[in-house]
Colleague: 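The structure under discussion is supplied below as structure tokens; questions concerning it will follow.
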Number of protein chains: 2
Amino acid sequence: MSLTVDLVVLTVRDDRLHVLLIERGKEPFRGKTALPGGFVRSREDSDAAALRELAEETGLDGRTLHLEQLRSYTRPDRDPRGRVVSVAYLALAPDLPLPVAGTDARRARWTPVADLGPGDLAFDHARILADGLERARAKLEYTTLATAFCPPTFTITELRRVYEVVWGVSLDARNFHRKVVNADDFLVATGTRRVPDVGRPAALYRAGGATVLYPPMLRAAAQHPVART
Amino acid sequence: MSLTVDLVVLTVRDDRLHVLLIERGKEPFRGKTALPGGFVRSREDSDAAALRELAEETGLDGRTLHLEQLRSYTRPDRDPRGRVVSVAYLALAPDLPLPVAGTDARRARWTPVADLGPGDLAFDHARILADGLERARAKLEYTTLATAFCPPTFTITELRRVYEVVWGVSLDARNFHRKVVNADDFLVATGTRRVPDVGRPAALYRAGGATVLYPPMLRAAAQHPVART
DNA sequence: GGAATAGTGTCTATGAGACACTATAAC
DNA sequence: GTTATAGTGTCTCATAGACACTATTCC
């Protein structure tokens, strides 16, 4: 029995949600699109393997990203090579340029999640991706994880775009602004501003110390438009 | 490399949160207390193994319980026998009598979670239990999972006790009552009542079709007693 | 009637959601 | 001054939380 890690690496780029995909260089599924990942070595745990594969296949440094275990996939027939159990990880990244270095990094690319069709991914990676997306969407509600999609300093508009793009909704800019600046230790004002090519400069913030978001950002309200009368 | 499942089976009994533990009959950790579990067979996935081990070791039927994958534990040194990866599952059960049948069932027993000391569990099972508890506590907030601790029909007081015991707080009976009966499809009145030995009979409900709880039952408010002024 | 538990109503404070205009900067 | 984006205030409604008494049943 073998153990692998598979990585769902998400980012927001050009107002669309993207996932990092590679083109497989080896059988099975050679030439097919897949999540980055690889075998866990005998002396490492899956966390270490996830960090290593992230660096090897994509050039990203997982220590600077949000990286968490998602769940494991154990169906005996999920890999034609035999029994291969995969521990999936979810990583959230700001819109970083992909370093071209590294052995396999040339094949890594950001792909808009919405552009993927049903059979586009190898193995059971479509399912893993779906689980990762659902985890990310859910955690935006109750945690401060949205900042993991942002660079070290960011504007409130950028943060709002994260919510809008990941959830596929549009949010009222005024209510959002009020909510995030009032939330406990979610944002810390840096006192600096970003001067854009055009338009009024925006105040820059960095992530505060909070990990849970209170009060939560309830996506559910959109799903339950009328609460009951 | 081997694959095992470990089960965190929780219930509420006598107003205390209990976890199902076994006494190990084999090395390593023979005679020591541990979570129930065992090796995944070559033709089954971990979900099937979790169901099978639950039946074998505890006599419980996982199909009638809430059973979900928790996460995996992959540290190379977590089992003295060598590399053993464990997929942990979380199960929530009503206060069932433990069937005494089955090969190992005689050693399974409910143990109050609060009575466990730091070194009481074999392997890394203390960590797995802690992760399972945190998952259960978190999911009570945003899902209708509390009903998984209740029998098929239950009273609102029983449901409130679940929250109180799992979270270790006390909740206002009036506010709780209003909240759960107003929540979308959380409870369905059966029209029947339970007549206790003493006291006024209580209306019986069964779980509604909702899986998410909206509005959520915010535990966070207790952790943030003063929201900001 | 006593004991035990179930069930309910109101008030206040806070957050959610709807909604439109002003501020700042580059050109 | 035109263009583009940032930033803000108010009103209404819903929910949270505090709080005490009545209802039902068994004995």
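Every chain is numbered from 1, with letters handed out A, B, ... down the list of sequences.
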Colleague: Taking the nucleotide of DNA chain D with the closest heavy atom to each, which residue, B:P216 or A:R161, is nearer the 5' end?
Modeller: A:R161

Colleague: Kindly determine whether B:D6 and B:S86 satisfy side-chain hydrogen bond (donor to acceptor under 3.5 Å, both in side chains), including the steps that lead there.
Modeller: CA-CA 7 Å; B:D6 286 306; B:S86 175; 2.6 Å; yes

Colleague: Among C:dG7, D:dC19, C:dT24, which is the nearest nucleotide to the side chain of B:A202?
Modeller: C:dG7

Colleague: Going by the side chain to side chain contact (heavy atoms under 4.5 Å, CB included) test, name the single residue among A:V166, A:L92, A:L213 that passes it with A:L140.
Modeller: A:V166

Colleague: Taking the side chain of A:R193 as its heavy atoms from C-beta onward, which of C:dA3, C:dC19, C:dA25 lies nearest to it?
Modeller: C:dA25

Colleague: Within a strict 4.5 Å, meaning less than it, do heavy atoms of the B:Q69 and A:S72 side chains meet?
Modeller: yes

Colleague: If each of A:P196 and B:I156 is mapped to the nucleotide of DNA chain C with the nearest heavy atom, which maps nearer the 5' terminus, i.e. the 5' end?
Modeller: B:I156

Colleague: Which of the following nucleotides, D:dT10, C:dA25, C:dG7, is nearest to the side chain of A:R178?
Modeller: D:dT10

Colleague: What is the distance, to the nearest angstrom, from the CZ atom on A:F176 to the C1' atom on D:dA6?
Modeller: 14 Å

Colleague: In terms of side-chain heavy atoms of A:V195, which of C:dC19, D:dC19, C:dA25 is nearest?
Modeller: C:dA25

Colleague: Can you identify which nucleotide, out of C:dG9, D:dA6, C:dC19, has its nearest atom closest to the A:T157 side chain?
Modeller: D:dA6

Colleague: Where the side chain of B:H177 is defined as all heavy atoms beyond and including C-beta, which of C:dA6, C:dA3, C:dT8 is the nearest nucleotide?
Modeller: C:dT8

Colleague: Heavy atoms from C-beta onward define the side chain here; which of D:dT25, D:dT3, D:dA6 lies closest to that of B:P201?
Modeller: D:dT25

Colleague: Name the residue from B:R194, B:R206, B:R13 that meets the salt bridge (Lys or Arg N to Asp or Glu O under 4.0 Å) definition with B:E158.
Modeller: B:R194

Colleague: Starting from C1' on D:dT15, measure out to CG on B:N182 and report it in whole angstrom.
Modeller: 10 Å

Colleague: Can you tell me if B:Y73 and A:D45 form a side-chain donor-acceptor pair at under 3.5 Å?
Modeller: no

Colleague: So what does A:R160 touch, heavy atoms closer than 4.0 Å: a base, only the sugar-phosphate, or nothing?
Modeller: nothing

Colleague: Separation of A:F154 atom CZ from D:dA6 atom C1', in whole Å?
Modeller: 16 Å

Colleague: Distance check needed: C:dC19 P versus A:L171 CG, whole Å only.
Modeller: 15 Å

Colleague: Taking the side chain of B:R200 as heavy atoms from C-beta outward, which of D:dT8, C:dA3, C:dG7 is closest to it?
Modeller: C:dG7

Colleague: Check the distance between C:dG7's P and B:Y205's OH and give it to me in whole angstrom.
Modeller: 6 Å

Colleague: When you measure from the side chain of A:R174, which nucleotide among D:dT24, C:dA20, D:dG7 comes out closest?
Modeller: C:dA20

Colleague: Nearest-Å distance, CG (A:D172) to P (C:dG15)?
Modeller: 17 Å

Colleague: Backbone N or O of A:R219 within a donor-acceptor pair of the A:E141 side chain at under 3.5 Å?
Modeller: yes

Colleague: Rounding to an integer number of Å, can you tell me how far B:L204 CG sits from C:dT5 C1'?
Modeller: 14 Å

Colleague: Within the structure shown, what part of the strands sits under 4.0 Å from B:A173 by heavy-atom distance: base, sugar-phosphate, or nothing?
Modeller: nothing

Colleague: How close or far is atom P of C:dG15 from atom CG of B:L218, stated in whole angstroms?
Modeller: 12 Å

Colleague: Answer with yes or no whether B:D197 presents, from its side chain, a donor or acceptor under 3.5 Å of a partner atom in the base of C:dA4.
Modeller: no

Colleague: Just checking B:R194: base, sugar-phosphate only, or nothing, at a heavy-atom cut-off of under 4.0 Å?
Modeller: nothing

Colleague: Pick base, sugar-phosphate or nothing for B:T155, based on heavy-atom distances below 4.0 Å to the nucleic acid.
Modeller: nothing

